[in-house]
Amino acid sequence: MSETDKKSDLILEGAIKRFCHFGINKTSMSEIAEDLSLSKPALYYYYPDKQSLIVAVADKISSAYADEVEVIFKKISTLEDALMDLIELRRNFFLKYFMLHMEEEYSDAYLKDPTLIQVMHKVKKREIGIIAASFQAGIENGEILEIDAFKTTELLLDTLRGLRSSCMRSEKMILPDADAFEQVFCKQKEVARIFLKGIKNHS
């Protein structure tokens, strides 16, 4: 890794730390520079404005998430185990990066940036592709019924996301409530088991 890449990565880590603690809207570029003992011109050399930094942070976090999804489905023992591990991963990332609000149900102005939307769509497509490939393998070995693997994966992920969003709206959560969120987490696992049972080939 070059010195420039190292410095850029250091800035991203510093931004993530502050964004996760205070939220993006309440964090300024000056505060990030101060945390890292950087001059503002030095920070702006790497990221010319706050939005470009937000996009880079989102790309770093979402790429790390997709890499973890890939690891889960590469070491797959059973589809059920993989889906349970996936839900655990999604839970952990959501809780860790909640203050970034990088979800479709939030309306923060920075989320409307076309470049950021493209980053989020890219990771979503990659996640669907990884999971769908496992479903397709299950179809080919006779474990799963003849289904559209891609559309089925989309439906599953939308259902899991919907459960979480519904809970947060009904509980009017500003921050995730531990007990309520654990209930959602358990419901997501149960839904995934029912979902998988429905597409399994029982013949």
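Reckoned from all heavy atoms, side chains included, excluding hydrogens, waters and symmetry mates.
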| request: Could you check I199 against E146 for side chain to side chain contact (heavy atoms under 4.5 Å, CB included), going step by step and ending with a plain yes or no? | output: CA-CA 8 Å; I199 63 173; E146 289 287 339; over 6 Å; no

I'd like a table of donor-acceptor pairs (distance under 3.5 Å, sequence neighbours excluded) in which one partner is a side-chain atom from residues 36-43, with atom names and distances.
residue: S39; atom: OG; partner: A42; partner atom: N; Å: 3.1
residue: K40; atom: NZ; partner: S30; partner atom: OG; Å: 3.2

| task | Check V123 against A66 and note the closest heavy-atom contact, atom names and distance. | result | CG2-CB, 3.8 Å

| message | Assigning hydrophobic clusters by single linkage (Ile, Leu, Val, Met, Phe, Trp, Tyr; side-chain heavy-atom cutoff under 4.5 Å), is I117 placed with L100? | response | no

| Hey, what do you get for CG (D9) to CD1 (I16), rounding to the nearest 0.5 Å? | 8.0 Å

| request: Give the minimum heavy-atom separation between N201 and L145, together with the two atoms involved. | output: CA-CD2, 3.8 Å

| remark: Minimal heavy-atom distance between I147 and T152, with the atoms involved, is CD1-OG1, 3.5 Å

| remark: Between C20 and K96 the two heavy atoms that sit nearest each other are SG-O, 3.6 Å

| message | Check D158 with R161, please: is the shortest side-chain N to carboxylate O separation under 4.0 Å? | response | yes

| request: Please report the shortest heavy-atom distance between I87 and A192, naming the atom on each side. | output: CD1-CB, 3.7 Å

| said: Let me confirm one number: the OG-CD distance from S134 to E143, rounded to the nearest 0.5 Å. | reply: 10.0 Å

| Quick one: side-chain contact (heavy atoms from CB on, under 4.5 Å) partners of D35, sequence neighbours excluded? | R18

| said: Working to the nearest 0.5 angstrom, can you tell me the gap between I72 CD1 and E88 CD? | reply: 9.0 Å

| request: Indicate yes or no: does K187 engage E190 in a salt bridge with an N to O separation below 4.0 Å. | output: no

| task | Kindly state each residue pair satisfying ring pair (Phe, Tyr, Trp, His ring centres under 6.0 Å) with at least one member in residues 2-55, sequence neighbours excluded. | result | none

| query | So, do L155 and K151 sit near enough that their side-chain heavy atoms are less than 4.5 Å apart? | reply | no

| request: Measure the shortest side-chain to side-chain distance between D148 and F135 over non-hydrogen atoms and say whether it is less than 4.5 angstrom. | output: no

| query | Between S52 and V55, is any pair of side-chain heavy atoms under 4.5 Å apart? | reply | no

| message | Quick check against the 3.5 Å criterion: does E140 have a side-chain atom that pairs as donor or acceptor with the backbone of A137? | response | no

| said: Nearest 0.5 angstrom please: I61 CD1 to M120 CE, how far? | reply: 8.5 Å

| task | Kindly indicate whether the side chain of L157, heavy atoms from C-beta on, has any atom under 4.5 Å from the side chain of L86. | result | yes

| said: If you count every heavy atom of other residues, nucleotides or ligands that lies below 6.0 Å from E34 atom CD, does the total exceed 12? | reply: no

| query | With a 4.0 Å cut-off, would you call E127 and R90 a salt bridge? | reply | yes

| said: What I'd like to find out is whether the side chain of I32 reaches to under 4.5 Å of the side chain of K50, using heavy atoms alone. | reply: no

| said: Less than 4.5 Å apart, side chain to side chain, heavy atoms only: is that true for L83 and F195? | reply: no

| query | Distance only, no hydrogens: is a donor on one side chain within 3.5 Å (strictly under) of an acceptor on the other, for S77 and D81? | reply | yes

| Which value, rounded to the nearest 0.5 Å, describes the distance between D85 atom CG and K75 atom NZ? | 4.5 Å

| message | Working to the nearest 0.5 angstrom, can you tell me the gap between Q118 CD and K125 NZ? | response | 11.0 Å

| query | Should the pair F93 and Y97 be assigned to parallel (<30°), tilted (30 to 60°) or perpendicular (>60°) ring geometry? | reply | tilted

| field | Distance-minimising heavy-atom pair for Q136 and A149 | value | OE1-CB, 3.8 Å

| 4.5 Å side-chain heavy-atom contact, Q183 and C186 | no

| Does any non-hydrogen side-chain atom of Q188 lie less than 4.5 Å from one of T159? | no

